[in-house]
A.B. asks: 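Below is one structure. I have some questions about it.
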Amino acid sequence: MPAITMKVNGQAVCGDVEGRTLLVEFLRDKLGLTGTHVGCDTSQCGACVVHVDGKAVKSCTALAISCADSEVTTIEGLARNGKLHPMQEAFREHHGLQCGFCTPGMIMAAVDIVKRKGKKLDEDTIRHELEGNICRCTGYQNIVAAVKAGAASM
Amino acid sequence: MDNSTGTGIGARVRRKEDHRFITGKGNYTDDINLPKQTYAYFVRSPHAHATIKSINTAKAKKMPGVVGIFTGDDIANDKLGGLICGWMIHSKDGSPMKAGPHPVLAQGKVRYVGDHVALVVAETREQAKAAAAAVSVGYVALPHVVDVADAMGAKAAIHDVAPDNRVFNWSIGDEGATDAAFRNAAHVTKIDLVNNRLIPNAMEPRAAIGSYDTGSESYTLYTTSQNPHVARLVISAFHGLAPEHKLRVIAPDVGGGFGSKIFIYAEEVACVWASKHIGGRPIKWTAERSESFLADAHGRDHVTHAELATDSNGRITGLKVHTKAAMGAYLSTFASCVPTYLYATLLSGQYNIPNIYAEVDAIYTNTAPVDAYRGAGRPEATYVVERIVETAARELKMDPAEFRRMNFVTQFPHQTPVIMCYDAGDYAAALDKALEIADVKGFADRKSAAARSGKLRGLGYSAYIEACGIAPSAAIGSLGAGVGLWESAEVRVNPVGTVEVLTGSHSHGQGHETTFAQLVSDRLGIDINNVAIVHGDTDKVQFGMGTYGSRSGAVGMTAISKALDKIEAKAKRVAAAVMEASADDVEFKNGTFTVKGTDKKMAFGEVALSAYVAHKFNSAEIEPGLKEAAFHDPSNFVFPAGVHICEVEIDTDTGVTDVVNYTAVDDFGNIINPMIVEGQVHGGIVQGIGQALAEGCVYDKQSGQLLTGSYMDYQMPRAANVPNFNLAFTCTPCPSNPLGMKGCGEAGAIASPAAVMNAVTDALDVRDVPMPATPHVVWKMLQPMKKAAE
Ligand code: FES
Ligand code: FES
């Protein structure tokens, strides 16, 4: 088993992985970062979204080994110095979550949307950009409101 | 009501539970890892129906990391009981329903693709999966049937007890009187409907960790359950695994349920049972999404013929319904009550219908079991009533809103001919509000404008009613339920005046940690941050029947409210003793106890401390401490109702249906937290839009395989498929509980399929369009119309 190193949420980590170990398995099973979820096995729900070198990636679809020496940010690493990220705040403020299972992926995807599309997002753009994330609970309305507000305050 | 600054009843309090979820600190079952944990993988049937000739595990047992492999024989040797259906239904002829055996692991036969055949336990998930692939099972395929329409009397006889595959033939209502109403009718409207099979798809897949402690000889099961106490009860009393005091069930954070996590499933039971056989090592199982598609209980799957009789004034005089309801291959935990007492008892809708008769054939098919899914029976009833009422109005050339209005129930209480007694409501008020918000007056203009750009617009109503707050125990007992559906709560006041509430309700997205705390904060006048809600652990909470059937407000919170009554009464006695007054003279308001006519007062926290210090009263008269429990059994169902109006636009080139406007006016009685209630409605409506326009479970007739087994083939509604919704509320407080609450969790999913499909049929100007009305379905319907127009 090859050993890899990675920077996760600002900390250097290393671990043994098999060639087939997925990034999400590495994060959840090896590092105990269980905020990143697995909701499907066909790369379609987005519960597993994390940032690899600043870009949103479905961690169920990336091999851990291919992310060696990368910088990975998970939902656990989004708040800085005990202060919530504006997007996290916005999800709470706008009731953008119910069971919370899709939420880490939604928030990580939302932050990425803002990076790509800017802080002034209209609803259509948000809805379109969220095509890779499924939520079964909220009906999306409050997620869209949260992303819009979170983007504006980023 | 919209008291947005406070934290009491009616305030839009931001959720207390959110912090852990938005920071990735939720604690779902799969996030938990126990020392020496092993992993489970299930060998599942690739056949829809087959006898098992042999199971050879020799090769698999030698694979790396394998700890144990278990089959139906091991289950039988251990005399572990089978899965049960907890509601006895009797057929019209008085015979009991025909429940076939449902072993935890297959014994001699498999009955659907995904049926559980063997459990493989290994050191890692990958090893378990690899070894499962090496288990060789000899099957002899049998004829199968997957469609409920064809299943009665089909060649495939799924259970010996039911040679024609019919589980029961049940009826409700007065057939003779209803037939007479039809003989005297001025007009009869007939309709044939299919209520499409759905796969629930809570985003968190089911998971379990079962362990056995050899020292205390007791089991612990972590599981994704909406009702851990019911799981413990069933696993203890029916599977016979261990007495209840030797079995702890913990349902930590649960990522959505929608009914699918009510049931006691084979996988969870197998994991906790097998742990003892591997020396007590914990066994963890997490479903892959493909397994969720195959083996979670599905929803709906009805085929219905209905007829509606009206007199010459357009008044409804009778309704006759015949439904074939798929049960799947086995009777799941509550399967039998869904197409009967949760369905046909709601066929009166919001209308004064003097005569109703319904007959239901429940039928086995070689598919995953069907059980309660958000709304459970009530969406199916609403679909029948609201589709036929709409169709009748169109046939009678009456305005669909006004046709509804003239048939509304207006006097309460109202006894329907199908058991339910509606206690309060104002259906016309909701209709008026909805007509206004949806700007129905302006619809004709919007339709012409759409037509100019080649689009078809349609408007559809759904005036739904549901019965929830499940349920009065004696009443449901007389109808065949195996359990009572009260709820329990315990309120523990700590010496410093903070409060823990232990509730039998379970939150898996509903926000109980906030709404229940609002009630306590409101009643005791204490800071909401000094209230903790504890749920989901049978070792902590005295008992509970769990969360489903929109019962946690009306039933669960009423239990808390009752315990709070007792807390207040006891605290008054303590306060009276300390302040040297008579308990009758002590008043409690805004967190302060005062003595009438004096300036003596004590804060709630001071009284709590006094209760525990016990220096100032006679312990022979007042027991120390401040902790009370209550059980609440509701006296009636609660009846949320409302009017939803959906406006769609259909692209005639692509067949794509866009929901362009959606208005929901709901009467949930008194509301604790409007923000949370709105969220529940949004989510419910989208699940209903999903049923109407996107989601449909398909089994291949020829092979019996599940064709919609992943998100590639089963279309979940996504953000871009749905609009924002216009919500409003009306309020007639519920008279049967002190908080005046009705339920809000299912309403959206109950109302919306009919509203959407009434709009789609209106746009296309046709009698029926099958659900899901996908672009392909609509496009195909458009082609002959286009030809005719050419
Ligand atoms: S778990 Fe990665 S997309 Fe579903
Ligand atoms: S909040 Fe439950 S899936 Fe999105």
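Lettering follows sequence order; numbering is per chain, from 1. Remember, it's a predicted structure, so these values are computed and weren't measured experimentally.
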A.B. asks: How far apart are the closest heavy atoms of B:Gly375 and B:Ile750, and which atoms are they?
C.D. replies: CA-CG1, 3.9 Å
A.B. asks: Please rank B:Asp31, B:Ile689, B:Val686 by heavy-atom pairs under 4.5 Å with chain A and give me the top one.
C.D. replies: B:Asp31
A.B. asks: With chain B as the partner, which of A:Met87, A:Arg136, A:Met106, A:Glu131 has the greatest number of non-hydrogen pairs under 4.5 Å?
C.D. replies: A:Arg136
A.B. asks: Among the options A:Glu76, A:His85, A:Glu93, pick out the one with the most heavy-atom pairs lying under 4.5 Å from chain B.
C.D. replies: A:Glu93
A.B. asks: Go through the atoms of B:Tyr28 and report whether side chain, backbone, both or neither lie under 4.5 Å from a heavy atom of chain A.
C.D. replies: side chain
A.B. asks: Salt bridge or not between A:Asp112 and A:Arg116? Use side-chain N to carboxylate O under 4.0 Å.
C.D. replies: yes
A.B. asks: Between A:Arg20 and A:Glu25, is there a salt bridge with N-O shorter than 4.0 Å?
C.D. replies: no
A.B. asks: Determine whether B:Leu706 and B:Cys697 make a side-chain contact, defined as any pair of heavy atoms from C-beta on separated by less than 4.5 Å.
C.D. replies: yes
A.B. asks: Would you mind checking if B:Glu204 and B:Arg289 are paired as a salt bridge, meaning a charged N to carboxylate O distance below 4.0 Å?
C.D. replies: no
A.B. asks: Using salt bridge (charged side-chain N to carboxylate O under 4.0 Å, His left out) as the criterion, list what pairs up with A:Glu71, not counting sequence neighbours.
C.D. replies: none
A.B. asks: What about the rings of B:Trp285 and B:Phe42, do their centers lie closer together than 6.0 Å?
C.D. replies: yes
A.B. asks: Taking side chain as C-beta onward, heavy atoms only, is B:Phe725 less than 4.5 Å from B:Thr663?
C.D. replies: no
A.B. asks: Given that the side chain runs from C-beta out, which part of A:Ile126 has a heavy atom under 4.5 Å from chain B: side chain, backbone, both or neither?
C.D. replies: neither
A.B. asks: With a 4.0 Å cut-off on N to O distance, would you call A:Lys117 and A:Glu129 a salt bridge?
C.D. replies: yes
A.B. asks: Should the pair B:Glu513-B:Arg14 be classified as a salt bridge under the 4.0 Å nitrogen-to-oxygen rule?
C.D. replies: no
A.B. asks: Considering only heavy atoms, which portion of B:Gln680 lies under 4.5 Å from any heavy atom of chain A: side chain, backbone, both, or neither?
C.D. replies: both
A.B. asks: Counting only heavy atoms closer than 4.5 Å, note whether B:Met716 contacts chain A via side chain, backbone, both or neither.
C.D. replies: side chain
A.B. asks: May I ask you to name which of A:Gly35, A:Pro104, A:Cys40 has the most heavy-atom pairs under 4.5 Å with chain B?
C.D. replies: A:Cys40
A.B. asks: Which one wins on heavy-atom pair count under 4.5 Å against chain A: B:Pro205, B:Ser290, B:Gly684, B:Gly511?
C.D. replies: B:Ser290
A.B. asks: Less than 4.5 Å to any heavy atom of chain B: does that hold for the side chain of A:Glu123, its backbone, both, or neither?
C.D. replies: side chain
A.B. asks: For A:Phe101, is it the side chain, the backbone, both, or neither that has a heavy atom closer than 4.5 Å to a heavy atom of chain B?
C.D. replies: both
A.B. asks: Check each atom of A:Leu97 against the heavy atoms of chain B and say whether the ones under 4.5 Å are side chain, backbone, both or neither.
C.D. replies: both
A.B. asks: May I ask you to decide whether B:Lys284 forms a salt bridge with B:Asp30, counting only side-chain N to carboxylate O separations under 4.0 Å?
C.D. replies: yes
A.B. asks: Name the region of A:Arg28, side chain, backbone, both or neither, that has any atom closer than 4.5 Å to a heavy atom of chain B.
C.D. replies: side chain
A.B. asks: Report which part of B:Val681 has an atom under 4.5 Å of a heavy atom belonging to chain A: side chain, backbone, both, or neither.
C.D. replies: neither
A.B. asks: Let's test your reading of the structure: which of A:Cys102, A:Gly100, A:Ala47 forms the most heavy-atom pairs below 4.5 Å with chain B?
C.D. replies: A:Gly100
A.B. asks: Is it the backbone or the side chain of B:Asn27 that comes under 4.5 Å from a heavy atom of chain A, or both, or neither?
C.D. replies: neither
A.B. asks: Would you say the side-chain atoms of B:Asn201 and B:Tyr711 include a donor-acceptor pair closer than 3.5 Å?
C.D. replies: yes
A.B. asks: Check whether B:Arg125 gets within reach of chain A through its side chain, its backbone, both or neither, counting any heavy atom under 4.5 Å.
C.D. replies: side chain
A.B. asks: Of the listed residues (A:Arg92, A:His128, A:His95), which shares the most heavy-atom pairs with chain B below a 4.5 Å separation?
C.D. replies: A:His95
A.B. asks: Checking A:Asp29 against chain B: side chain, backbone, both or neither under 4.5 Å from a heavy atom?
C.D. replies: side chain
A.B. asks: Between B:Arg12 and B:Glu678, does any side-chain N to carboxylate O distance fall below 4.0 Å?
C.D. replies: yes
A.B. asks: Between B:Arg374, B:Met203, B:Arg20, who has the most heavy-atom pairs with chain A when the cutoff is under 4.5 Å?
C.D. replies: B:Met203
A.B. asks: Tell me, for B:Phe258 versus chain A, whether the close heavy atoms (under 4.5 Å) come from the side chain, the backbone, both or neither.
C.D. replies: side chain
A.B. asks: Please look at A:Thr138 and chain B and tell me whether the side chain, the backbone, both or neither of the residue comes under 4.5 angstrom of a heavy atom of that chain.
C.D. replies: backbone
A.B. asks: For chain A, which of B:Gly26, B:Pro717, B:Ala202 has the most heavy-atom pairs under 4.5 Å?
C.D. replies: B:Pro717
A.B. asks: How close do B:Lys36 and B:Pro282 get, heavy atom to heavy atom, and via which atoms?
C.D. replies: O-CD, 3.6 Å
A.B. asks: Side chain, backbone, both or neither: which part of B:Ile676 has a non-hydrogen atom closer than 4.5 Å to chain A?
C.D. replies: both
